[in-house]
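Structure record follows, encoded as structure tokens.
Naming: A, B, ... by sequence-line order, numbering from 1 per chain.
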Protein chains: 2
Amino acid sequence: MPHFKEGLPDARLLEPRDVLGDGEVDERVADLMGALSSSTRVRALFALLEAGELQTGEVSKAVRMSPSATSHQLRVLRDLGLVVRRREGQRVFYALADAHLGVLLKEALYHVDHARLVRGGTGAEET
Amino acid sequence: MPHFKEGLPDARLLEPRDVLGDGEVDERVADLMGALSSSTRVRALFALLEAGELQTGEVSKAVRMSPSATSHQLRVLRDLGLVVRRREGQRVFYALADAHLGVLLKEALYHVDHARLVRGGTGAEET
DNA sequence: GTCACATTTGAAGAACTCTGCAAATACAGT
DNA sequence: ACTGTATTTGCAGAGTTCTTCAAATGTGAC
């Protein structure tokens, strides 16, 4: 049993305040976002979002990195439960583990876009 | 003018496919998410989301870390344009840089929650 | 079994991140 | 000017991450 809350009413939706409690919610969020904190993995995930399902070699091309490096990163994503794996002969297919991840990816993209259009620079131009 | 696209029609919304192009979109997303990839920063951001505005010392308590460590992390967030700073006497107040970041944070929280309720474990229980 | 292909693994090094400490700076009050 | 409080900075060490290389594994065809 994966306990992870700490006195959380279990069937309740998590609220922002829950992140500040004693649970592990903050770490869960950090781990999730950590998965999206390398451009290689970001490319891999967006490629999967677009294509639905891709072989390792195809992901490798999409991220422009060696098959080995790609496999390492896909493992990271898999360990975090963000992608799922399916074998077919010698090929291995990967896909996003669930639809909501797509929503999150698009939200992140929207934020970046928003920042691009609204602020010009880095946002750190005060002294 | 902050160029960052690479032949992007500028006033267009970014689409998932844009991440796979030659631009820097993938890195932008990765950098953004990297900001949310430490539990200290996640706590800080959620504390700011809840409170609206907090002094460094208050953030420090919320994240349960030394003022120094907190200041270091707030600087990271500021450099990325995620929080803004306002001085009032000796106190310094921080706040989320824009409302959409709150949306993104809640989306991340929702995803974690979703994963908690749907999958039990880590999602990596295949051999 | 051997060959070819796709993928994964382990080890290793460079690069980076996070935190704490001590010292520095900023400001307000006396 | 001096004291106290709030915050920031630079440094350094422990720890982590990312990529590459070489070797291993899995699978199908002959």
Could you tell me whether the phosphate oxygens of [N], OP1 or OP2, come under 4.0 Å of any side-chain nitrogen or oxygen in [X]?
{"X": "A/Arg75", "N": "C/dT9", "result": "yes"}
{"X": "B/Tyr94", "N": "D/dT8", "result": "yes"}
{"X": "A/Thr40", "N": "D/dT19", "result": "yes"}
{"X": "A/Arg41", "N": "D/dT17", "result": "no"}
{"X": "B/Ser71", "N": "D/dT9", "result": "no"}

So, do [X] and [Y] sit near enough that their side-chain heavy atoms are less than 4.5 Å apart?
{"X": "B/Asp18", "Y": "B/Glu15", "answer": "yes"}
{"X": "B/Val112", "Y": "A/Glu24", "answer": "no"}
{"X": "B/Ser71", "Y": "B/Arg75", "answer": "no"}

_So A/Thr70, base contact, sugar-phosphate only, or nothing? Heavy-atom distance under 4.0 Å._
nothing

*Looking across every strand, which nucleic acid part, if any, lies under 4.0 Å from B/Phe93 by heavy atom: base, sugar-phosphate, or nothing?*
nothing

Taking only the side-chain heavy atoms of [X] (C-beta and beyond), determine which of [options] contains the nearest atom.
{"X": "A/Ser68", "options": "C/dT8, C/dT9, C/dA6", "answer": "C/dT9"}
{"X": "B/Ser66", "options": "D/dC18, C/dG20, D/dT8", "answer": "C/dG20"}
{"X": "A/Arg85", "options": "C/dT7, D/dT9, D/dT7", "answer": "C/dT7"}

*How close do B/Ala108 and A/Leu32 get, heavy atom to heavy atom, and via which atoms?*
O-CD2, 3.8 Å

Separation of [N] [atom2] from [X] [atom1] (nearest whole Å):
{"X": "B/Asp79", "N": "C/dT17", "atom1": "CG", "atom2": "C1'", "answer": "14 Å"}
{"X": "B/Arg87", "N": "D/dA6", "atom1": "CZ", "atom2": "C1'", "answer": "8 Å"}
{"X": "B/Leu36", "N": "C/dC18", "atom1": "CG", "atom2": "C1'", "answer": "16 Å"}
{"X": "A/Leu77", "N": "C/dT8", "atom1": "CG", "atom2": "P", "answer": "12 Å"}
{"X": "B/Leu74", "N": "C/dT19", "atom1": "CG", "atom2": "P", "answer": "12 Å"}
{"X": "A/Arg64", "N": "D/dC18", "atom1": "CZ", "atom2": "P", "answer": "18 Å"}
{"X": "B/Gln55", "N": "D/dT8", "atom1": "CD", "atom2": "P", "answer": "11 Å"}
{"X": "B/Lys61", "N": "D/dT5", "atom1": "NZ", "atom2": "P", "answer": "13 Å"}

*Can you hop from A/Leu82 to A/Val76 via hydrophobic side chains spaced under 4.5 Å?*
yes

_Is_stacked (A/His72, C/dT9) at 5.5 Å, 30 deg_ = yes

*Residue of the set A/Lys106, A/His111, A/His100 for which side chain to side chain donor-acceptor pair (under 3.5 Å) holds with B/Glu107*: A/His100

_Of A/Ser39 and A/Glu88, the one whose closest DNA chain D nucleotide lies more 5'_ = A/Ser39

*Hey, is the side chain of B/Gln90 pairing donor to acceptor with the base of D/dT5 inside 3.5 Å?*
yes

